[in-house]
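What you see is a predicted model; the values in this text were computed from it and never measured. All values below were derived from every heavy atom in this structure, side-chain atoms included, with hydrogens, water molecules and symmetry-related copies excluded.
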Amino acid sequence: MKQIVFNNEFFNIKDTLECGQIFRFTPFENGYLVYSMDKCAYAYSKDNNTVIECEEVDEEYFYNFFDLARDYKTIYNAAKSNGVKILSDACEQGKGIRILKQNALEMLFSFLISQNNNIPRIKGSIDKLCASLGEKKTFNGKVYFTFPSVSKMAEQSVEFYRQIGLGYRAEYILSLAKTIKCGLDINSYNKLSTVELKKELIKLYGVGPKVADCVLLFGFNRTDSFPVDTWIDKVYIEDFNGTEKSREKVSKWFVGKFKDNSGYFQQYLFHYKRNLLIKKDKIQDK
């Protein structure tokens, strides 16, 4: 077993995992088991560090997965000095968030499932997908299932995907699996510009602008993208006095404002607004 030890000032494992960018993780002992494709790592906080334990052969994979080569202090300072109060407050609260460099294929399937869905249901559906079609493995004495192969996913019926809770998304998942099995190489998209890549993603059945933006950011690490959801809508209207109604236009507005830091700043703002309003709701319920 290999340990990666990293100072936690700019790496808070809880905030990184629980800000909507990843669905395959579960609480374990003092931290979390984190799954990516066929791999697993144990991530936890200890003293002033975040510790990643993984198989020795997977050390480089998870070092890259958690984006540990990047200087997040520079990103934090850029947010702090941007002159926008909510962004300054948000980066302070979300200082330890890192954008995970996840597998593009897994992200494409995952965010198709995420449409008009809540996080517990998304996680549950993906868990069922892996348990039904993935390979059984063990890590740290804990059984887990790998993300399924595309060929195995393409062999299933629409009814199978409906039975694991995907509803109308079942057709999207099966269509994507068959399209990839027939020769679409998602990795070939890496050579495209962000604008071109988004256009290609939207050509896929079931992929709209929001899903495309999430896949761009969390699957292709295109930080000049800015997913817009309910929480970001609130940020735009309440804190930037925005008037656009189209989420696509809101996304373009933020990218125009924040440029290559858009994805990082989006995570700061999403995390801040979501936690702030959830906290207010809990206080009002008392």
Asker: Rounded to the nearest 0.5 Å, how far does CG of Leu176 lie from CG of Leu204?
Answerer: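 Nearest 0.5 Å value for the CG-CG distance: 6.0 Å.
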Asker: So do Tyr189 and Val215 actually touch side chain to side chain, heavy atoms under 4.5 Å?
Answerer: no
Asker: Within the supplied structure, the quantity of interest is the number of heavy atoms (other residues, nucleotides, ligands) at a distance under 6.0 Å from Glu56 CD; does it exceed 12?
Answerer: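 Atom CD in Glu56 is not packed in, count stays at 12 or less.
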Asker: Which residues satisfy the salt bridge (charged side-chain N to carboxylate O under 4.0 Å, His left out) test with Glu60, sequence neighbours excluded?
Answerer: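 Glu60 satisfies salt bridge (charged side-chain N to carboxylate O under 4.0 Å, His left out) with no other residue.
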Asker: Between Tyr44 and Val34, is there shared hydrophobic-cluster membership here, with clusters defined by ILVMFWY side-chain heavy atoms closer than 4.5 Å?
Answerer: no
Asker: Does the side chain of Tyr72 reach to within under 4.5 Å of the side chain of Ile99, using non-hydrogen atoms?
Answerer: yes
Asker: Name the orientation class of the two ring planes belonging to Phe65 and Tyr61 (parallel below 30°, tilted from 30 to 60°, perpendicular beyond 60°).
Answerer: parallel
Asker: What is the ring orientation for Tyr268 with Phe265, classed by angle as parallel under 30°, tilted 30 to 60°, or perpendicular over 60°?
Answerer: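 Because their plane-to-plane angle is under 30°, the rings of Tyr268 and Phe265 count as parallel.
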Asker: Under the side chain to side chain contact (heavy atoms under 4.5 Å, CB included) rule, what do Tyr205 and Lys178 come out as? Steps first, then yes or no, please.
Answerer: CA-CA 11 Å; Tyr205 182 48; Lys178 288 183 175 180; over 6 Å; no
Asker: Mark yes or no for whether Thr50, through its side chain, and Phe11, through its backbone, hold a donor-acceptor pair below 3.5 Å.
Answerer: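 A pair under 3.5 Å: yes.
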Asker: Measuring from atom SG of Cys19 to atom CG of Leu100, what distance do you get when rounded to the nearest 0.5 angstrom?
Answerer: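 Output value for this atom pair is 7.5 Å.
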Asker: Is a salt bridge present between Asp229 and Lys210, judged by a nitrogen-to-oxygen distance below 4.0 Å?
Answerer: no
Asker: Is there a donor-acceptor pair closer than 3.5 Å between any side-chain N or O of Tyr161 and the backbone N or O of Leu129?
Answerer: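 No, Tyr161 side chain to Leu129 backbone: no donor-acceptor pair under 3.5 Å.
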Asker: Would you call Lys203 and Glu200 a salt bridge, using N to O less than 4.0 angstrom?
Answerer: yes
Asker: Asn49 side chain to Val51 main-chain N or O, any donor-acceptor pair under 3.5 Å?
Answerer: no
Asker: Can you tell me how far CH2 of Trp231 sits from CZ of Arg274, rounded to the nearest 0.5 angstrom?
Answerer: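 Reported to 0.5 Å precision, the distance equals 7.0 Å.
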Asker: Quick test of your reading of the model: are Arg24 and Glu106 salt-bridged, counting only N-O distances below 4.0 Å?
Answerer: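 A salt bridge links Arg24 with Glu106.
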Asker: Look at Lys142 together with Glu29 and state whether they make a salt bridge at an N to O cut-off of under 4.0 Å.
Answerer: no
Asker: Run the salt bridge (charged side-chain N to carboxylate O under 4.0 Å, His left out) test against Glu92 and tell me which residues pass, sequence neighbours left out.
Answerer: Lys80
Asker: Look at the side chain of Thr223 and the backbone N and O of Asp260, then say whether any donor-acceptor pair between them is shorter than 3.5 Å.
Answerer: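 Yes; judged by distance alone, with no hydrogens or angles, the pair exists.
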Asker: So, the side chain of Gln115 versus the backbone of Gly208: is there a donor-acceptor pair under 3.5 Å, distance only?
Answerer: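 Answer holds: no.
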Asker: Counting only N and O atoms by type, is there a donor-acceptor contact under 3.5 Å from the side chain of Ser175 to the main-chain atoms of Glu171?
Answerer: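 Pair absent, no side-chain N/O of Ser175 close to backbone of Glu171.
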Asker: Please assess Leu108 against Val207 for the test side chain to side chain contact (heavy atoms under 4.5 Å, CB included), listing each intermediate value before the final yes or no.
Answerer: CA-CA 9 Å; Leu108 189 46; Val207 176; 4.1 Å; yes
Asker: When you measure from the side chain of Tyr42 to the backbone N and O of Asn30, does any donor-acceptor pair fall under 3.5 Å?
Answerer: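 Confirmed, Tyr42 side chain pairs with Asn30 backbone.
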Asker: Is there a donor-acceptor contact under 3.5 Å from the side chain of Lys191 to the main chain of Ser188?
Answerer: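 Here the side-chain-to-backbone pair exists.
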Asker: With side chain to side chain contact (heavy atoms under 4.5 Å, CB included) as the criterion, how do Val228 and Asp213 come out once you've worked through the C-alpha distance, each side chain's angles and the decisive distance to 0.1 Å?
Answerer: CA-CA 8 Å; Val228 177; Asp213 282 331; 5.8 Å; no
Asker: Judged by atom type as modelled, is there a donor-acceptor pair below 3.5 Å linking the side chain of Arg98 to the main-chain atoms of Phe66?
Answerer: yes
Asker: Which residue pairs satisfy the salt bridge (charged side-chain N to carboxylate O under 4.0 Å, His left out) criterion with at least one member in residues 113-134, sequence neighbours excluded?
Answerer: none
Asker: Tell me which pairs pass ring pair (Phe, Tyr, Trp, His ring centres under 6.0 Å) where either residue lies in residues 112-155, with sequence neighbours left out.
Answerer: Tyr35-Tyr144
Asker: Does the side chain of Val150 come within less than 4.5 Å of Phe109's, by heavy atoms?
Answerer: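 When only atoms from C-beta onward are counted, Val150 and Phe109 do touch, with a gap below 4.5 Å.
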Asker: Can you name the one residue among Lys137, Lys2, Lys39 that meets salt bridge (Lys or Arg N to Asp or Glu O under 4.0 Å) with Asp58?
Answerer: Lys39
Asker: Check for a donor-acceptor pair, side chain of Thr16 on one end and backbone N or O of Gly96 on the other, with a separation under 3.5 Å.
Answerer: yes
Asker: Does Met37 share a hydrophobic cluster with Ile173, counting links as ILVMFWY side-chain heavy atoms below 4.5 Å and allowing steps through other members?
Answerer: yes
Asker: Would you say Asp89 and Tyr272 make side-chain contact, with heavy atoms under 4.5 Å?
Answerer: yes
Asker: What I want to check is whether the side chains of Ser45 and Asn8 have a donor and an acceptor closer together than 3.5 Å.
Answerer: no
Asker: Between Met153 and Ile180, does a side chain to side chain contact (heavy atoms under 4.5 Å, CB included) hold up when you go through it step by step?
Answerer: CA-CA 10 Å; Met153 293 177 71; Ile180 294 170; over 6 Å; no
Asker: How long is the span from the NZ atom in Lys101 to the CG atom in Asn221, to the nearest 0.5 Å?
Answerer: 5.0 Å
Asker: Assigning hydrophobic clusters by single linkage (Ile, Leu, Val, Met, Phe, Trp, Tyr; side-chain heavy-atom cutoff under 4.5 Å), is Leu33 placed with Ile122?
Answerer: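 No, no single cluster joins them.
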Asker: Hydrophobic clusters join Ile, Leu, Val, Met, Phe, Trp and Tyr when side-chain heavy atoms are under 4.5 Å apart, directly or via other members; which others share one with Ile202?
Answerer: none
Asker: With sequence neighbours excluded, give me every ring pair (Phe, Tyr, Trp, His ring centres under 6.0 Å) pair touching residues 209-228.
Answerer: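 Sorted result for residues 209-228: Phe111-Phe218, Phe226-Phe254.
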Asker: When rounded to the nearest 0.5 angstrom, what is the spacing between CG in Asn117 and OG in Ser125?
Answerer: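 These two atoms lie 6.0 Å from each other.
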Asker: To the nearest 0.5 Å, what is the distance between CG (Asn7) and CG (Asp47)?
Answerer: 11.0 Å
